[in-house]
Number of protein chains: 2
Amino acid sequence: MSEPANRNSGESLLFLTDEQLRKGIEAMFFAYRGFTADPDRILADMAYGRAHHRAIHFIRRSPGTTVNNLLTILGVTKQSLNRVLRTLIEDGLVESRVGRRDKRERHLYLTERGADLEGQLSDAQRERMRAAYRAAGPAAVAGFRQVLEAMMDPEIRHHYDRLKDGSS
Amino acid sequence: MSEPANRNSGESLLFLTDEQLRKGIEAMFFAYRGFTADPDRILADMAYGRAHHRAIHFIRRSPGTTVNNLLTILGVTKQSLNRVLRTLIEDGLVESRVGRRDKRERHLYLTERGADLEGQLSDAQRERMRAAYRAAGPAAVAGFRQVLEAMMDPEIRHHYDRLKDGSS
DNA sequence: CTTGGAGTGTCAACAAGACTGACATATTAT
DNA sequence: ATAATATGTCAGTCTTGTTGACACTCCAAG
């Protein structure tokens with residue numbers, strides 16, 4: 001193929017072979033396995049799974065969020081989320097309060113016990129993230145976030161951006 | 001909280017708050033959704049799922065790989081993989097050849113039809129990866145890979161490193 | 001005030017894809 | 001010969017996702 005010999009450095013560095021992209025795809029696959037490994041190990045001992053982890057993560061992140069909002073963020077059906085929420089509420093990890101303005105809505109909060117579990121799971125996951133950040137260095141971390149953000153669907157990106165940012 | 005006012009820049013930039021790490025965790029979660037979205041859409045029309053995609057990806061990557069090897073890379077049980085492989089072989093997307101040195105082993109190859117599907121799925125996934133790489137720039141891509149690699153379990157990292165690298 | 005629609009909860013049925021455990025069969029290594 | 005390895009398969013379970021249907025509460029528009 002007739003690739004021009006000289007271009008500016010930005011463009012030439014952005015000539016990406018299929019093999020380079022493939023390696024990036026594999027990095028995502030393997031890294032995600034590591035990313036979920038620690039919480040999964042903790043959850044395996046209890047009657048909970050990854051879905052419960054996700055629910056309590058985002059409830060802790062946005063206390064008082066509604067079921068519908070959580071639905072959108074998690075990208076699952078209400079039936080699927082409801083099963084998870086029901087067990088968490090029954091077990092006393094999550095509290096569901098009827099909305100005062102709109103009584104159809106349920107606002108979700110972690111109980112003390114729920115916050116305990118969330119902390120335990122988050123600690124494990126953050127520890128791995130922290131170790132990876134330290135190993136890679138600050139510049140790498142910035143790049144990491146940039147690429148991940150560019151990989152999100154625009155709608156999802158919108159929800160992501162609305163979550164409190166810890167970069168300040 | 002007696003943080004020394006002056007440290008070297010590397011250390012001070014590596015002081016990571018829980019909120020910063022939390023944001024990174026969420027970035028992984030949302031980005032992985034985008035990462036799998038395109039192949040999932042294609043597969044939804046067929047009788048295949050994400051598990052089939054993973055299998056043919058790594059068969060295409062390491063033609064002639066054995067069942068046991070694939071098992072380790074994918075991190076699933078042989079029963080789980082066998083179900084997937086069986087359908088792929090029955091449908092003529094994957095060929096299983098008895099090993100010539102060790103006749104217990106089965107070496108796996110994509111057929112022409114299998115390679116077609118693999119290409120279709122990979123094209124979609126690579127396109128998103130390429131777009132994200134372009135949007136973030138070359139420096140970000142390097143950091144992205146560094147952090148992901150540091151996040152992998154050491155054993156898995158070993159398998160990852162052994163796959164052909166496209167960075168040359 | 002009635003009616004329509006939105007937000008929520010719940011029931012039932014189902015499917016993908018993971019798991020464990022047990023067992024069969026070749027084949028190779030000791 | 002015997003033990004270990006590589007694979008395949010059957011049976012059962014679990015988590016987590018899906019559709020579809022239906023009821024209830026509440027808000028807002030007519």
Side-chain angles (χ1 to χ4, degrees), chain A residues 29 32-33 36-37 39-59 64-91 94-108 121, chain B residues 29 32-33 36-37 39-59 64-91 94-109:
Chain A
F29 173 66
Y32 199 78
R33 284 249 293 280
T36 57
D40 282 356
R41 257 191 296 276
I42 296 171
L43 290 159
D45 297 334
M46 322 182 189
Y48 299 131
R50 213 176 278 180
H52 300 84
H53 181 198
R54 293 198 283 257
I56 64 177
H57 175 101
F58 285 108
I59 293 173
T65 185
T66 63
V67 173
N68 219 15
N69 188 30
L70 202 50
L71 231 53
T72 314
I73 285 177
L74 294 175
V76 297
T77 59
K78 64 175 178 175
Q79 292 89 335
S80 196
L81 175 59
N82 189 252
R83 185 175 26 197
V84 167
L85 280 181
R86 198 183 342 166
T87 68
L88 290 173
I89 292 169
E90 280 171 5
D91 296 353
V94 167
E95 193 190 348
S96 168
R97 296 184 205 156
V98 175
R100 45 169 188 73
R101 269 190 42 187
D102 186 335
K103 293 176 193 166
R104 291 168 303 181
E105 294 180 343
R106 304 299 142 94
H107 298 276
L108 303 168
L121 296 169
Chain B
F29 173 66
Y32 199 80
R33 283 250 294 280
T36 57
D40 282 357
R41 256 191 296 276
I42 295 171
L43 289 159
D45 298 335
M46 323 183 188
Y48 298 132
R50 214 177 276 180
H52 300 83
H53 181 197
R54 293 198 283 257
I56 64 177
H57 175 101
F58 286 108
I59 293 173
T65 185
T66 63
V67 173
N68 223 6
N69 188 31
L70 201 51
L71 231 52
T72 313
I73 286 177
L74 295 176
V76 297
T77 60
K78 64 174 179 175
Q79 293 91 331
S80 198
L81 176 59
N82 188 254
R83 182 180 27 194
V84 167
L85 278 182
R86 196 170 29 196
T87 67
L88 289 173
I89 291 168
E90 279 170 4
D91 296 354
V94 168
E95 193 189 349
S96 168
R97 296 183 204 157
V98 174
R100 44 169 188 73
R101 269 188 43 186
D102 188 335
K103 292 175 193 166
R104 290 170 303 183
E105 294 180 340
R106 303 300 142 93
H107 299 275
L108 303 168
Y109 301 87

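All of these numbers come straight from a predicted model, not from anything done at the bench. Values reported hereafter were calculated over all heavy atoms of this structure, with side chains retained and with hydrogens, waters and symmetry mates removed.
- Where B:Leu85 and A:Ala51 each meet DNA chain D at their nearest nucleotide, the meeting point lying more 5' is that of B:Leu85.
- At a non-hydrogen distance threshold of 4.0 Å, B:Gly75, B:Val76 from residues 65-76 of chain B come into contact with DNA chain C.
- With hydrogens and angles ignored, no donor-acceptor pair closer than 3.5 Å exists between the side chain of B:Arg54 and the base of C:dG17.
- Considering only the side chain of A:Asn82, C:dT10 comes nearest among C:dT10, C:dG17, D:dT9.
- Between B:His52 and C:dA16, a side-chain N or O to OP1/OP2 separation shorter than 4.0 Å is absent.
- We find the CG-CD1 distance between A:Leu108 and A:Ile56 to be 12.5 Å, quoted to the nearest 0.5 Å.
- Looking only at side-chain heavy atoms (C-beta outward), A:Thr66 and A:Arg106 stay at 4.5 Å or farther from each other.
- A close approach under 4.0 Å does occur between a side-chain nitrogen or oxygen of A:Thr77 and OP1 or OP2 of D:dT18.
- Using a 4.5 Å cut-off on side-chain heavy atoms (C-beta onward), B:Phe58 and B:Asn69 make no contact.
- Side chain A:Lys78 to base C:dG9: a donor-acceptor pair is found below 3.5 Å.
- The side-chain hydrogen bond (donor to acceptor under 3.5 Å, both in side chains) check on A:Arg97 picks up A:Glu95, with sequence neighbours excluded.
- For the segment residues 99-107 of chain B, residues with any heavy atom less than 4.0 angstrom from an atom of DNA chain C are, sorted by number, B:Arg101, B:Asp102, B:Lys103, B:Arg104.
- For A:Met46 and D:dT15, the CE to C1' distance is 16 Å, given to the nearest whole Å.
- Between the side chain of A:Thr87 and the backbone N or O of A:Val84 there is at least one donor-acceptor pair closer than 3.5 Å.
- At whole-Å resolution of the value, CG in B:Leu88 and P in C:dA16 are 14 Å apart.
- Using modelled atom types, no side-chain atom of A:Arg50 and backbone atom of A:Pro39 make a donor-acceptor pair closer than 3.5 Å.
- Note on B:Arg50: only backbone sugar-phosphate atoms sit closer than 4.0 angstrom, heavy atoms only; bases stay farther off.
- In this structure, the side chains of A:Leu71 and A:Asn68 come closer than 4.5 Å at one or more pairs of heavy atoms.
- Of the candidate nucleotides C:dA18, D:dG8, C:dT10, C:dT10 has the atom lying nearest to any side-chain atom of A:Gln79.
- Taking atom CZ of residue B:Arg83 and atom P of nucleotide D:dC14, one finds them 16 Å apart after rounding to whole Å.
- The main-chain N or O of B:Leu74 is found under 3.5 Å from a side-chain atom of A:Arg33 such that the two form a donor-acceptor pair.
- Counting heavy atoms from C-beta outward, B:Ile89 and B:Arg86 have side chains that stay 4.5 Å or more apart.
- B:Leu81 has its CG atom 14 Å from the C1' atom of C:dC19, to the nearest Å.
- The separation between A:Arg86 atom CZ and C:dT8 atom C1' is 13 Å, rounded to whole Å.
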